[in-house]
Every structure is written in structure tokens, then in C-alpha cells.
Amino acid sequence: MPTWIFTATSRTGRPVNPITGSPTDSITVYDQADLDRRVEAARTDPRDLDVDIQRIA
């Protein structure tokens, strides 16, 4: 099963990580459906997210 690191960075500088307040956050994604949902959500996010996806397995 493929695994990815999904990283989102706010181009507006608004927090992406609710705990640290950082404008960048990463998460490990374990299935294609979850990855697709996250990519679609990032497209319409008001923080104007820049997304990086790295396949790690």
C-alpha cells in the first residue's frame, strides 16, 4: 500500500497547525482516497495552501 507525506503551507501566513500556530504542517497519508480528499480540501481552503506530496512507500 502506498504511503505519502502530505505537507500544506499557507501562502497567506495563517496557521495550518492548530497546536503550534505554524503556517506549515505535514501528515502521513496511508490510502489514495484520503490523499484525494486532502488535495481537494486544499484547493478550496481560504488560506491559499501550497501542497507538497511525497511518496515514501
Handout entry: Gap between atom CG of Asp52 and atom OG1 of Thr24 - 0.5 Å precision
Key =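 That separation rounds to 10.5 Å.
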
Problem - Value rounded to 0.5 Å, distance of CZ in Phe6 from CD1 in Ile27 - result: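 Answer for the CZ-CD1 pair, Phe6 versus Ile27, is 9.0 Å.
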
Handout entry: Under the salt bridge (Lys or Arg N to Asp or Glu O under 4.0 Å) test, residues paired with Asp45 that sit two or more places apart
Key =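 If we apply the salt bridge (Lys or Arg N to Asp or Glu O under 4.0 Å) test to Asp45, skipping adjacent residues, the hits are Arg47.
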
Exercise for the section: Sequence neighbours left out, what passes salt bridge (Lys or Arg N to Asp or Glu O under 4.0 Å) with Asp50? Give chain and number order. Expected result: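 Counting only residues at least two positions away or on another chain, Asp50 forms a salt bridge (Lys or Arg N to Asp or Glu O under 4.0 Å) with Arg11.
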
Handout entry: Heavy-atom closest contact (Pro23 atom, Gly13 atom, distance)
Key =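 Closest heavy-atom pair between Pro23 and Gly13: CB-O, 4.0 Å.
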
Handout entry: Residue list, side chain to side chain donor-acceptor pair (under 3.5 Å) with Ser22, at least two apart or on another chain
Key =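 Partners of Ser22 by the side chain to side chain donor-acceptor pair (under 3.5 Å) criterion come out as none, since no residue qualifies.
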
Handout entry: Partners meeting side chain to side chain donor-acceptor pair (under 3.5 Å) with Thr3 (sequence neighbours left out)
Key =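 Listed in chain order: nothing, the list is empty.
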
Practice task
Write out all pairs satisfying salt bridge (Lys or Arg N to Asp or Glu O under 4.0 Å) with one or both partners inside residues 12-26, taking only residues at least two apart or from two chains.
Solution key: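 For residues 12-26, and leaving out neighbouring residues, there are no salt bridge (Lys or Arg N to Asp or Glu O under 4.0 Å) pairs at all.
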
Practice task
Under the side chain to side chain contact (heavy atoms under 4.5 Å, CB included) rule, collect the residues that match up with Pro2, sequence neighbours excluded.
Solution key: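 If we apply the side chain to side chain contact (heavy atoms under 4.5 Å, CB included) test to Pro2, skipping adjacent residues, the hits are Trp4, Arg55.
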
Exercise for the section: Would you mind reporting whether Thr9 and Val16 have side-chain heavy atoms less than 4.5 Å apart? Expected result: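 No, their side chains stay 4.5 Å or more apart.
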
Could you pull out all donor-acceptor pairs under 3.5 Å where a side-chain atom in residues 37-44 meets a protein atom, sequence neighbours excluded?
residue : atom : partner : partner atom : Å
Arg38   : NE   : Asp34   : OD1          : 3.1
Arg38   : NE   : Asp34   : OD2          : 3.4
Glu40   : OE1  : Arg43   : NH1          : 2.9
Thr44   : OG1  : Ala41   : O            : 3.4

Problem - Ile5: hydrophobic cluster co-members (side-chain, 4.5 Å) - result: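 Same cluster as Ile5: Ile56.
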
